[in-house]
There are 2 protein chains.
Amino acid sequence: MFAVDNLFLQINSTTMKQKATLKNLSKTLNISISTVSRALKNHPDISDETKKKVKELAALMDYEPNTYAINLRTNKSNILGVIVPEISNFFYHSFIAAIEEEARRLNYMLLILQSANNAETELENLKLCRMNRVAGVFVALTSHTKEIKPFLQLEETGTPIIFCDKVPDFEACNKICSADAEATIISANAILKSNKRKVLAVLGNIDLSITKKREQVFKETLENSNEQINLEITHANSSEEATHKTLQYLSNNMQRPEVIFCMSDEILTGVMKAIYQTELKVPKDISVIAISNGFLPTLFSPEITHVVTSGIDLGKLAFKRMMDYQSGKTFAQELTIRARFVEGGSL
Amino acid sequence: MFAVDNLFLQINSTTMKQKATLKNLSKTLNISISTVSRALKNHPDISDETKKKVKELAALMDYEPNTYAINLRTNKSNILGVIVPEISNFFYHSFIAAIEEEARRLNYMLLILQSANNAETELENLKLCRMNRVAGVFVALTSHTKEIKPFLQLEETGTPIIFCDKVPDFEACNKICSADAEATIISANAILKSNKRKVLAVLGNIDLSITKKREQVFKETLENSNEQINLEITHANSSEEATHKTLQYLSNNMQRPEVIFCMSDEILTGVMKAIYQTELKVPKDISVIAISNGFLPTLFSPEITHVVTSGIDLGKLAFKRMMDYQSGKTFAQELTIRARFVEGGSL
DNA sequence: GTGAAAGCGCTAACAG
DNA sequence: CTGTTAGCGCTTTCAC
């Protein structure tokens, strides 16, 4: 204690204002920088006495290692890149939140980047990841991404890339996907079981592969059922457009669908607004089923029957894959999050 | 061109695999590192010829500056810290999205950290900011934060701290707030104007200063109106609790409120669920008004009349303040985002 | 057990 | 106009 008090005085008068660095610590203690460095990391070579001395002073001076120096020296970082088309989206939002939680637990930091659903911005984001020597990157591709070479190139230099949700076709890479087909099949089967025969499917941007996939599977499932289904399909690029399109179908009393399938949360909000604008009651006059991230359908009354593909689950699994990669399992692997049916009162 | 081709061959055979650094560039070009560095930054001293040569090679070798080296050398970074109690919250989410957008525009990167509404985690987050030599930090305090000294200390070392939304009482610091009182007054006045006299106010966690403030202002505004108002107040710590509490009031037919005031989006979702569980119709049987971030009220039908305090506006203003700070305006300043009344059909 | 020394990639005085 | 030099703070080999 006495020694420390002594030091304190000394520091107060001369070095207090100095930034605590290994060099400064070593100077005040009159030992070498390397010894200080080792002591702080509990290197076995260093005597307990020295360790104690060093650590006490370090605490006193609020020593904090300079991450830039460390990263420069070791040529790596504990930063993980996360590149998503957009943050303001239920799915990606919970995806990021899940990764954030895991990252914090395991002492990683996150560089969160959104591509504004723009392939060029995405490339820039990748560059930012490179420049920051990230330890790995999670990426959900934009719908316009044609070229994944830059990603694979980065991976070749030893930086793990985990493609999430929106993944490329190319096989030899790590992918974490939602069970899109499964979710769609579950939805279609629920509709079949409900015995409604006039079906309206409101889908997203027609250019997105996820839209194409869901459309195809949805159609097939209904067709293969041997039931006489009257299926209408429409596409909307936004919640507003979904409202608009849906209203057209609802206003035509002859053709009015008995059940509406919404392929996403965004579509669902649009569709529900359309329904509210009519006098139709759910589920008496019209039924609704959606594929969703899980939160939104519970806001309505009755709650909307939906199939969950969870961004949280996806984020957690992606993170786990990243950690496995970091510990050597670098082979390509495709993992899938299962879909889950959630009974609401809307079907 | 010939020269470049030549270089290419040379690179291909010997240096291609090397990481592009100033050193490597300088070696291949037989000029000094500093000249390369200057050429790349368009330093006026350097001849156009040299600049051209250097830039061509840099492009060819995919040169990317090492941010760690730069930050170490210059002892600063283009990273801004963002510390919020939680991301999964309409308000903070849009707050972050707004900052993200501005940051991207001005070439800053974001270190997004959530404190899980825990003062200790918040302190750790601050430490992460320090360790990363962030150029500034935006912070929305947790409701448990008692001690803001660590923040002020960081500011003393030259790192701007902008307190946002949940700000400390201490005056001598930069704050960006929503006009809480104003939003509450607008809500209360809307209720007074509606001539409903049985009012239920559903508020958030009673320990939060924002709750106290809104409660106090709400009460005062109603009291000062000289109208005979029958006001009930209840508190809920979660959406679920809000549902539960609201149901108790709704089930009692004698006492049933005519209008419900929801102090936040979270509360609003809970209250609406409760209403849905009864046979009551909005606004015929019961009216609703909320203070909100703007998105959620539009999901219901009729849309909920609300007062917007926008996370986006707050984020944008906070970012602007940060930039002003960076360019020298370091004096303490308190800025306020005005509230905006949005007519829905629920009152 | 401890220290000396080299170097990660870059910037910025200073010197020509 | 270009080069030399001295670090930023840290890790790590090698030597004692």
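Chain letters run A, B, ... following the sequence lines, proteins first and then strands; every chain starts at 1. Values reported hereafter were calculated over all heavy atoms of this structure, with side chains retained and with hydrogens, waters and symmetry mates removed.
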Using whole Å, what does the distance between atom [atom2] of nucleotide [N] and atom [atom1] of [X] come to?
{"X": "B/Y68", "N": "D/dC8", "atom1": "OH", "atom2": "C1'", "result": "16 Å"}
{"X": "A/L25", "N": "D/dC10", "atom1": "CG", "atom2": "C1'", "result": "12 Å"}
{"X": "B/L22", "N": "C/dC10", "atom1": "CG", "atom2": "P", "result": "4 Å"}
{"X": "A/L72", "N": "D/dT12", "atom1": "CG", "atom2": "C1'", "result": "14 Å"}
{"X": "B/K23", "N": "C/dA6", "atom1": "NZ", "atom2": "P", "result": "13 Å"}
{"X": "A/K51", "N": "C/dT2", "atom1": "NZ", "atom2": "P", "result": "10 Å"}
{"X": "A/H43", "N": "D/dT13", "atom1": "NE2", "atom2": "P", "result": "10 Å"}
{"X": "B/N24", "N": "C/dC10", "atom1": "CG", "atom2": "C1'", "result": "13 Å"}

Protein and nucleotides 12-16 of chain C: nitrogen or oxygen contacts under 3.5 angstrom:
residue, atom, partner, partner atom, Å
C/dA13, N6, B/R38, NH2, 2.8

Note to self: Does a side-chain N or O of A/S32 approach OP1 or OP2 of C/dG3 to a distance below 4.0 Å, or not?
What the structure shows: yes

Notebook entry, point to check: Phosphate oxygens OP1/OP2 of C/dG1: is one of them under 4.0 Å from a side-chain N or O of A/T35?
Noted result: no

Check: Taking the side chain of A/I70 as its heavy atoms from C-beta onward, which of D/dC10, D/dT2, C/dC10 lies nearest to it?
Finding: D/dC10

Note to self: Looking only at side-chain N and O atoms, does B/N75 offer a donor or acceptor that is under 3.5 Å from a partner on A/Y68?
What the structure shows: no

Check: residues 327-334 of chain B side-chain donor-acceptor pairs under 3.5 Å, at least two apart:
residue, atom, partner, partner atom, Å
B/S327, OG, B/M323, O, 3.0
B/S327, OG, B/D324, O, 3.1
B/Q333, OE1, B/R321, NE, 2.7

Note to self: Using the salt bridge (Lys or Arg N to Asp or Glu O under 4.0 Å) criterion, which residues pair with B/E120? Sequence neighbours excluded.
What the structure shows: none

Note to self: Run the ring pair (Phe, Tyr, Trp, His ring centres under 6.0 Å) test against B/F163 and tell me which residues pass, sequence neighbours left out.
What the structure shows: B/F151

Checklist line | Electrostatic pair A/K52-A/E56, nearest N-O below 4.0 angstrom | finding: yes

Next item on the list: Specify the residue among B/R133 and B/V36 whose closest nucleotide of DNA chain D lies further upstream toward the 5′ end.
Entry: B/V36

Would you mind writing out the side-chain donor-acceptor pairs for residues 107-116 of chain B within the sub-3.5 Å range, not counting sequence neighbours?
residue, atom, partner, partner atom, Å
B/Q114, OE1, B/I87, N, 3.0
B/Q114, NE2, A/E100, OE1, 3.0
B/S115, OG, B/N125, ND2, 3.4

Cut-off 3.5 Å, no hydrogens considered: what does the side-chain donor-acceptor table look like for residues 36-45 of chain A, sequence neighbours left out?
residue, atom, partner, partner atom, Å
A/N42, OD1, A/K55, NZ, 2.9

